[in-house]
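Reading through the C-alpha cells given below for one structure.
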Amino acid sequence: LIEPETLQNHLEQLDRLRVIPLPLGHMASYYYLQYRTVAMFRDRLHNDLSLAQLLGVLCDASEYDELPVRHNEEKLNEQLAGQAGIRWRIDDPQHGYELDYESPHVKANLLLQAHFSRMKLPISDYITDTKSVLDQSIRILQAMIDLAAEAGWLRTALKAMMLVQMVVQASWLTDDTLLILPHVRTKSSFLSVLRQQAASSSSRPPTLAQLADMMRDRKAKARFDRLMQQSGLSRRQASDIEKVLCVMPIVDLRVTDDSALSVRAGTPVELTVSARLVAGGSASRRGKGKNAKRIYAPQFPKPKSEGWWLVSAVLTSDDDGNNNNKYNKSMDDLERLGESQHCELTALKRVTVSRQHRFDLRFEAPSEPGEYIVRVYLMSDSYVGLDQQRTVKLVV
C-alpha cells in the first residue's frame, strides 16, 4: 500500500505535468490526418524525392485506405495503367509500391495521373472516385510541405508545392502552361500560331505569365487579338481566353535588402519581402461574395481561393547564374540545387497577396563563415508557371 502522504505527492506531481504535442502530432491534428499517415511521412519523406515518388507518398496516405475498388475494377485499373496518359510507373520499388491493381492506393495514383492528363475515365464511378481523391489531396500535400519545411528540405517542399499546382489545374508540370486556358489543346491552331510567330522573331513562344502580362498593355493586347483571329478562334472562344488571362495574378516581388547582407555566424537574419498584385488575381473576377474570390480551375471539383507560399533558402552558390528570374518553372533549377554543398529551406509562410504587402522572413545565419546565396521563392498554390524567385548575397 502507498502511504497517504506519498500518494498526495504523486498527485501533486501529476498536476504539474504538461502534455505537449510533437510536430508530427500537431500536424496530424491540424490537417485531420491519421497518425499512420504522418508516421509514413516520417519514414518516406527526404530531400531527394522525385515528383513521381512524392505522388507515391501522397497516394499511400491512410486517408485513401477506404477508396473503393469494386468487383472487376482491378481489370480496369490494369487497362488504365497501360494508357499513354499514365506517365509515371507505379511498379518501381523505389516508389514504395508492389503492383497490386486491387490496392486503393494504386487506384488513387492512377486516378491522379489520369486527372493530370485529363483522360476520359472508363466508367462514371471513376469520376466520383477522382473527386474523392482530389478532395483529400490538398490537405495531405500541405502536411507534406510543412514536414519538409520543418526538416529544411527545400527540393521536397518546392516539388510538393508544384504537385499542388498540378492537382488544382489538372496539368503536368512539364506541359505547356497555356494548356490550362479554355479551348486550348496540345495540337490546337492557337498554339501553332504562337509558335510560328515566335520562330519568325527568333524568340521563344510566350508562357502563360507573359500572355497575362500582355493584357495590361494596349498595343501588346492588340497584337495578341490579331494572333487569336489568325488561329481561327471564334469571338466567344477568344473572349473566354482573355477573361482567364485577365484573372491570372501578376505579382511584383521585391526583396528590400537587395544588396549583400553581412551578418555574424549563427545570428538571426531578417529579410523583408514586398509583394504587390499589379494585375489579375481572384479578386479581379466579376461576381459577388465567395464566387468573386474563386480561382480559375475548371477541372478541380471544389471552390478554391488564391494563395501563395513564400519560401527562403540558403545555398552555397547561385547554381543557375541568374539572380532574379521573374517567372520560373523551377524543375531544372531544383535538380541543380543538388550540386550545392549547402541547400536548406530556412523559412516558410503561407500568404495572400492583394494590393501591397510586406512580409518578414526570419532565420538563423549559417554557422560556418563564408559567402552564401539567400533565395526567395514565391510559389502559387493554384497556377502552374507563375512562380517567381529573387536572390540576395549573404556574407557570414
Side-chain angles (χ1 to χ4, degrees), residues 13-47 49 51 53-68 96 103-105 107-109 111-112 129-168 290 293 295 297 300-313 344-352 359-364 377 379-382:
Q13 290 176 6
L14 287 174
D15 287 339
R16 289 194 295 269
L17 291 177
R18 295 179 60 196
V19 177
I20 301 175
L22 296 175
L24 288 177
H26 185 272
M27 192 179 301
S29 174
Y30 186 81
Y31 290 109
Y32 299 97
L33 298 179
Q34 297 185 35
Y35 74 91
R36 291 187 296 270
T37 296
V38 293
M40 183 264 293
F41 288 171
R42 178 198 59 201
D43 296 337
R44 297 265 299 276
L45 289 178
H46 56 79
N47 199 30
L49 292 174
L51 273 171
Q53 289 171 321
L54 277 175
L55 181 66
V57 173
L58 164 65
C59 295
D60 269 356
S62 296
E63 282 63 31
Y64 294 132
D65 286 351
E66 302 303 320
L67 181 68
S103 166
H105 304 285
K107 181 178 178 180
N109 194 308
L111 292 179
L112 281 173
D129 294 339
T130 299
K131 291 179 180 178
S132 174
V133 171
L134 294 173
D135 186 41
Q136 304 261 36
S137 62
I138 299 298
R139 64 190 173 91
I140 300 173
L141 283 167
Q142 287 175 336
M144 291 166 63
I145 292 167
D146 285 359
L147 190 148
E150 183 79 20
W153 298 331
L154 177 64
R155 291 188 295 274
T156 297
L158 294 182
K159 288 177 183 178
M161 293 172 191
M162 294 173 185
L163 202 51
V164 171
Q165 297 170 0
M166 292 166 58
V167 167
V168 173
K290 295 181 180 179
K293 297 181 180 179
I295 62 163
F300 194 68
K302 294 181 67 176
K304 186 182 181 307
S305 57
E306 190 177 279
W308 304 82
W309 288 282
L310 192 61
V311 181
S312 68
E344 181 182 2
L345 189 152
T346 54
L348 170 67
K349 279 190 174 183
R350 288 298 307 268
V351 300
T352 56
F359 307 102
D360 292 328
L361 295 174
R362 299 181 179 89
F363 55 92
E364 188 175 291
Y377 295 88
M379 305 290 294
S380 173
D381 74 350
S382 305

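Only a predicted model underlies this, so the values are computations on that prediction, with no experimental measurement involved.
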Looking at side-chain heavy atoms only, is the closest gap between [X] and [Y] below 4.5 Å?
| X | Y | answer |
| --- | --- | --- |
| M166 | L55 | no |
| D65 | R36 | yes |
| L49 | W153 | no |
| V311 | L154 | yes |
| F41 | I140 | yes |
| S103 | Y64 | no |
| M379 | M162 | yes |
| L147 | M144 | no |

Considering non-hydrogen atoms only, spot the tightest contact between [X] and [Y] and give its length.
| X | Y | value |
| --- | --- | --- |
| P301 | K131 | CB-CG, 4.0 Å |
| F300 | V168 | CB-O, 3.5 Å |
| D360 | K349 | O-NZ, 2.7 Å |
| A313 | T346 | N-OG1, 3.8 Å |
| Y31 | R139 | O-NH1, 2.9 Å |
| F363 | S312 | CD2-OG, 3.9 Å |

As an exercise, state the distance from [atom1] of [X] to [atom2] of [Y], rounded to the nearest 0.5 Å.
| X | Y | atom1 | atom2 | result |
| --- | --- | --- | --- | --- |
| E364 | E344 | CD | CD | 9.5 Å |
| L361 | L348 | CG | CG | 9.0 Å |
| L45 | M40 | CG | CE | 7.5 Å |
| L163 | I138 | CG | CD1 | 8.5 Å |
| N47 | R155 | CG | CZ | 4.0 Å |
| K159 | L141 | NZ | CG | 14.5 Å |

No-hydrogen, no-angle side-chain donor-acceptor test under 3.5 Å, E63 and T37: yes
Donor-acceptor pair, distance only, cut-off 3.5 Å: does the side chain of [X] make one with the backbone of [Y]?
| X | Y | value |
| --- | --- | --- |
| S382 | E306 | no |
| K304 | I295 | no |
| T352 | G307 | no |

Walk me through whether N109 and L58 qualify under side-chain contact (heavy atoms from CB on, under 4.5 Å). CA-CA 8 Å; N109 194 308; L58 164 65; over 6 Å; no
For a side-chain contact (heavy atoms from CB on, under 4.5 Å) check, start with the C-alpha distance between L111 and L134, then their side-chain angles and the critical distance, and finish with the verdict. CA-CA 9 Å; L111 292 179; L134 294 173; over 6 Å; no
Please identify which of these residues, Q165, R350, Q142, meets the side-chain contact (heavy atoms from CB on, under 4.5 Å) condition with D381. R350
Please check if the number of heavy atoms outside H26 that lie under 6.0 Å from its NE2 is greater than 12. no
For the CD atom on E150, are there more than 12 heavy atoms of other groups (residues, nucleotides or ligands in this structure) within a distance under 6.0 Å?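 Result for CD/E150: open.
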Would you sort out whether Y30 and D146 count as a side-chain hydrogen bond (donor to acceptor under 3.5 Å, both in side chains), showing the intermediate values? CA-CA 11 Å; Y30 186 81; D146 285 359; over 6 Å; no
